[in-house]
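Here the structure is a predicted model, which is why all the values come from computation and not from measurement. Order of the sequence lines sets the chain letters (A, B, ...), proteins ahead of strands, with each chain counted from 1.
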Amino acid sequence: MSLDADVLIDWFTDTARDLPWRRSECTAWGVLVSEIMLQQTPVARVEPVWRSWLERWPLPSSMAAASQGEVLRAWGKLGYPRRALRLHEAAKAIADKHDDVVPEDVDTLLALPGIGAYTARAVAAFAYGQSVPVVDTNVRRVVARAVHGAGDAGPPSTTKDLRDVEALLPDEKADVYSAALMELGALVCTARTPKCADCPVIEDCAWQRAGRPAYAGPAKAVQKFAGTDRQVRGLLLDVLRGTVEPVAKARLDVVWHDAGQRDRCLDSLLVDGLVEQTAGGLFALPGEH
DNA sequence: CACGCGTGGTT
DNA sequence: TAACCAAGCGT
């Protein structure tokens, strides 16, 4: 049994959100930028940044010409700023080695920094209309429920997940079908309170037939934030995003009480290339001094 | 393969 | 209100 492709595609056509990276005039570069920004960051926070980003850097080569610091500042508070650095590297590679054209081949996309199993296929499908399985957390949850009758997806396994979704793809409009699966997971078949009453494929749903059993797999580790290096790194970076001129270490020291953790985080930011130290010993976003 | 990596809105 | 959640990737 599989999910009725015609029904799902019709539902998507009628009710999908009108997101700018889904419009026909959006370039492959626009799609790629959106996919990177949407890695772990909600649509609502991505949209305004994506718009200004594409206006400022409409081509990979235009972004490639910017400094790392400019890119990090433009990334703002989307989170996980290493994504911005990798996107910058990807833009340079596309400009230099691919004639400023986002590659359409999955393996070529996979070779670019910051592009993994999901993003490579999302670009292949949504920018170039290819029939490839696009598996994100939404799709994994929809498949776990509708196909396997489980309450939620178990631990990810790229090989198995791709195989599962490959088997569902219709002969026609596989790209729209993939977008529809993602939209279903994002809007209807949600993690916490699924809106089964609104589901277009409830007739096909194995979870529904099984009486909607609770998730039975291994417990998922809840990610802490308060007090972690991630929080401290974020605080340090926020200082540097807010100033154009390099700052003395004392300006960074005030953001966190624990000097050991502070210094360790500053070191890791330097190692990651998110922060640079000037000849005078001051600190700044990289590439601007 | 499990873990670390930002940030802010929702329940 | 603390916990959960959000279109992953690289190591």
Side-chain angles (χ1 to χ4, degrees), chain A residues 12 16-17 19-22 26 30-50 72 75-87 89-90 109-127 133-142 152-162 165 175 178-187 189-194 215 218-241 255-256 261 264-265 268-269 271-275:
Chain A
F12 180 78
R17 293 165 292 179
L19 302 172
W21 45 85
R22 284 179 175 164
C26 181
V31 171
L32 173 56
V33 171
S34 79
E35 294 300 342
I36 300 288
M37 289 182 172
L38 288 163
Q39 292 168 2
Q40 304 285 279
T41 303
V43 167
R45 285 171 50 208
V46 164
E47 191 165 342
V49 180
W50 181 90
L72 287 169
W75 190 257
K77 308 199 80 170
L78 290 182
Y80 293 143
R82 294 188 296 186
R83 287 183 292 165
L85 248 29
R86 294 188 184 126
L87 178 57
E89 289 304 306
L109 286 161
L110 282 171
L112 295 170
I115 298 189
Y118 163 75
T119 305
R121 290 171 181 81
V123 170
F126 305 146
V134 181
V135 188
D136 73 336
T137 185
N138 290 308
V139 172
R140 281 170 28 74
R141 184 172 55 250
V142 169
D152 199 355
S157 157
T158 303
T159 318
K160 179 181 183 305
D161 295 340
L162 287 174
V165 175
D175 55 331
S178 291
L181 277 184
M182 289 177 58
E183 190 78 346
L184 188 69
L187 299 184
C189 195
T190 52
R192 249 183 296 191
T193 314
Y215 173 65
K220 311 187 178 193
V222 285
Q223 198 165 225
K224 293 288 168 228
F225 180 67
T228 63
D229 286 2
R230 231 159 58 253
Q231 181 184 16
V232 178
R233 285 164 55 106
L235 292 169
L236 292 170
L237 230 35
D238 200 38
V239 172
L240 300 181
R241 271 195 304 262
V255 305
W256 195 251
Q261 187 179 19
R264 172 159 45 89
C265 288
S268 74
L269 288 170
V271 168
D272 287 350
L274 286 162
V275 174

Residue pair A:S178 / A:R121, side-chain donor-acceptor N/O under 3.5 Å
no
Under 3.5 Å, is there a donor-acceptor pair between the A:Y118 and A:E35 side chains?
yes
For A:L78 and A:T41, work out which heavy atoms get closest and say how close.
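For A:L78 and A:T41, the tightest heavy-atom pair comes out as O-OG1, 2.9 Å.
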Opening and closing nucleotides of DNA chain B in contact with chain A, under 4.0 Å to non-hydrogen atoms:
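Using the under 4.0 Å cut-off, the span is B:dG4 to B:dT11.
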Find out whether [X] and [Y] are in side-chain contact, i.e. whether some heavy atom of one side chain is under 4.5 Å from a heavy atom of the other.
| X | Y | result |
| --- | --- | --- |
| A:Q261 | A:W256 | yes |
| A:L38 | A:V43 | yes |
| A:L236 | A:V255 | yes |

With the sugar-phosphate defined as primed atoms, P, OP1 and OP2, and the base as all remaining atoms, what B/S/- string results for nucleotides 2-11 of chain C, 5' to 3', for protein heavy atoms under 4.0 Å?
--BSBBBSS-
Sequence neighbours left out, what passes salt bridge (Lys or Arg N to Asp or Glu O under 4.0 Å) with A:R141? Give chain and number order.
none
Partners meeting salt bridge (Lys or Arg N to Asp or Glu O under 4.0 Å) with A:R86 (sequence neighbours left out)
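Not a single residue meets the salt bridge (Lys or Arg N to Asp or Glu O under 4.0 Å) criterion with A:R86.
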Which value, in whole Å, describes the distance between the [atom1] atoms of nucleotides [N] and [M]?
| N | M | atom1 | answer |
| --- | --- | --- | --- |
| B:dC3 | C:dC4 | P | 16 Å |
| B:dT10 | C:dA7 | P | 14 Å |
| B:dG8 | C:dC9 | P | 23 Å |

Is a donor on one side and an acceptor on the other found under 3.5 Å between the side chain of A:R82 and the backbone of A:D272?
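No, the answer is negative, given that no donor and acceptor are paired below the 3.5 Å cut-off.
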Can you tell me which stems DNA chain B forms, taking runs of 3 or more consecutive Watson-Crick or G-U pairs with both distances under 3.5 Å?
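Stem list for DNA chain B: B:2-5 with C:8-11, B:7-11 with C:2-6.
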With sequence neighbours left out, which residue pairs that include part of residues 219-230 of chain A fulfil the salt bridge (Lys or Arg N to Asp or Glu O under 4.0 Å) condition?
A:D152-A:K220, A:D229-A:R264
